[in-house]
Amino acid sequence: MRTTRKSITFTDQQDSWIKLRVEKGDFTNDSEYIRDLVRKDQAENMKLLELKQAIDEGLQSGRSPLKIRDIIRKVDNGNL
(Lines give C-alpha, C1' and ligand atoms only; values in the text may rest on other atoms or scores of the structure.)
Protein backbone atom coordinates (compact mmCIF):
# COMPACT_ATOMS: atom_id res chain seq x y z
CA MET A 1 0.00 0.00 0.00
CA ARG A 2 1.32 3.42 -0.93
CA THR A 3 1.91 5.83 1.95
CA THR A 4 2.14 9.60 2.20
CA ARG A 5 4.31 11.42 4.69
CA LYS A 6 2.56 14.17 6.67
CA SER A 7 3.71 16.73 9.19
CA ILE A 8 1.29 17.20 12.09
CA THR A 9 1.54 19.62 15.00
CA PHE A 10 0.21 18.66 18.44
CA THR A 11 -0.04 20.52 21.71
CA ASP A 12 2.26 19.35 24.50
CA GLN A 13 -0.72 17.73 26.22
CA GLN A 14 -1.71 15.83 23.06
CA ASP A 15 1.87 14.72 22.49
CA SER A 16 2.10 13.46 26.08
CA TRP A 17 -1.10 11.49 25.59
CA ILE A 18 0.19 9.88 22.40
CA LYS A 19 3.50 9.01 24.07
CA LEU A 20 1.63 7.49 27.03
CA ARG A 21 -0.40 5.24 24.71
CA VAL A 22 2.81 4.07 23.04
CA GLU A 23 4.61 3.56 26.38
CA LYS A 24 1.68 1.49 27.69
CA GLY A 25 2.20 -0.82 24.73
CA ASP A 26 -1.15 -0.08 23.07
CA PHE A 27 0.72 0.99 19.93
CA THR A 28 4.27 0.50 18.70
CA ASN A 29 4.73 4.15 17.64
CA ASP A 30 2.98 7.49 17.19
CA SER A 31 2.08 6.81 13.57
CA GLU A 32 0.33 3.56 14.42
CA TYR A 33 -1.81 5.38 16.99
CA ILE A 34 -2.77 8.16 14.56
CA ARG A 35 -3.62 5.63 11.82
CA ASP A 36 -5.81 3.75 14.31
CA LEU A 37 -7.70 6.97 15.08
CA VAL A 38 -8.23 7.61 11.37
CA ARG A 39 -9.50 4.03 10.80
CA LYS A 40 -11.96 4.39 13.71
CA ASP A 41 -13.17 7.74 12.33
CA GLN A 42 -13.66 6.19 8.89
CA ALA A 43 -15.65 3.27 10.34
CA GLU A 44 -17.82 5.61 12.42
CA ASN A 45 -18.55 7.81 9.43
CA MET A 46 -19.48 4.76 7.33
CA LYS A 47 -21.99 3.71 10.02
CA LEU A 48 -23.44 7.22 10.01
CA LEU A 49 -23.71 7.19 6.22
CA GLU A 50 -25.48 3.80 6.31
CA LEU A 51 -27.89 5.08 8.95
CA LYS A 52 -28.67 8.19 6.88
CA GLN A 53 -29.29 6.01 3.82
CA ALA A 54 -31.63 3.74 5.82
CA ILE A 55 -33.54 6.77 7.09
CA ASP A 56 -33.84 8.14 3.55
CA GLU A 57 -35.11 4.76 2.30
CA GLY A 58 -37.64 4.67 5.11
CA LEU A 59 -38.88 8.17 4.37
CA GLN A 60 -39.14 7.43 0.64
CA SER A 61 -41.02 4.18 1.22
CA GLY A 62 -44.06 6.06 2.41
CA ARG A 63 -46.34 5.50 5.34
CA SER A 64 -46.84 2.02 6.70
CA PRO A 65 -50.38 0.65 6.93
CA LEU A 66 -49.36 -1.03 10.21
CA LYS A 67 -50.12 0.49 13.59
CA ILE A 68 -47.28 1.03 16.05
CA ARG A 69 -48.43 -1.87 18.27
CA ASP A 70 -48.39 -4.18 15.23
CA ILE A 71 -44.85 -3.10 14.36
CA ILE A 72 -43.73 -3.67 17.96
CA ARG A 73 -45.32 -7.11 17.94
CA LYS A 74 -43.51 -7.99 14.68
CA VAL A 75 -40.20 -6.79 16.09
CA ASP A 76 -40.72 -8.72 19.33
CA ASN A 77 -41.49 -11.87 17.33
CA GLY A 78 -38.44 -11.41 15.12
CA ASN A 79 -40.53 -10.83 12.01
CA LEU A 80 -39.30 -7.33 11.31
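All heavy atoms count here, side chains included; hydrogens, waters and symmetry mates do not.
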Query raised in the report: Between atom CD1 of I71 and atom CZ of R69, what is the distance when rounded to the nearest 0.5 Å?
Result: 11.0 Å
**Report entry** Test item: N29 side-chain N/O and S31 main-chain N/O as donor-acceptor pair under 3.5 Å
**Finding:** yes
Query raised in the report: Hey, any chance L48 and V38 share a hydrophobic cluster, counting ILVMFWY side chains that come within less than 4.5 Å of each other, even indirectly?
Result: no
Query raised in the report: Hey, are D15 and K19 close enough for a salt bridge, meaning a charged N less than 4.0 Å from a carboxylate O?
Result: yes
Query raised in the report: Can you tell me how far CG of D26 sits from CD1 of I18, rounded to the nearest 0.5 angstrom?
Result: 13.0 Å
Query raised in the report: If two hydrophobic side chains count as joined below 4.5 Å and joins carry through other members, does L66 share a cluster with I72?
Result: no
Requested in this report: May I ask you to say whether D70 pairs ionically with K67, meaning some side-chain N is under 4.0 Å from a carboxylate O?
Outcome: no
Query raised in the report: With the 4.5 Å side-chain cut-off for hydrophobic clustering, are Y33 and I8 part of the same group?
Result: yes
Query raised in the report: Closest approach of E32 and R39, non-hydrogen atoms and distance?
Result: O-NH2, 4.3 Å
Report summary line: For S61 and G58, the nearest pair of non-hydrogen atoms, with its separation, is OG-O, 2.8 Å
Report task. May I ask you to decide if T11's main-chain N or O and Q14's side chain share a donor-acceptor pair within less than 3.5 Å? Result -> yes
Query raised in the report: Quick one: do L51 and L59 end up in the same hydrophobic cluster if we chain Ile, Leu, Val, Met, Phe, Trp and Tyr together by side-chain heavy atoms under 4.5 Å apart?
Result: yes
**Report entry** Side chain proximity check, V22 to D30, heavy atoms < 4.5 angstrom
**Finding:** yes
Requested in this report: Count the heavy atoms of every other residue, nucleotide or ligand shown that sit under 6.0 Å from CG of D76, and state whether that count exceeds 12.
Outcome: yes
Query raised in the report: Can you tell me how far the CG atom of L37 sits from the CG atom of D41, to the nearest 0.5 Å?
Result: 8.5 Å
Query - Atom pair CD1 (I34) and CZ (F10), whose distance is rounded to the nearest 0.5 Å - result: 3.5 Å
Query raised in the report: Rounded to the nearest 0.5 Å, how far does CZ of R73 lie from CD1 of I68?
Result: 12.5 Å
Query raised in the report: Measuring from K47:NZ to K52:NZ, what's the distance to the nearest 0.5 Å?
Result: 15.5 Å
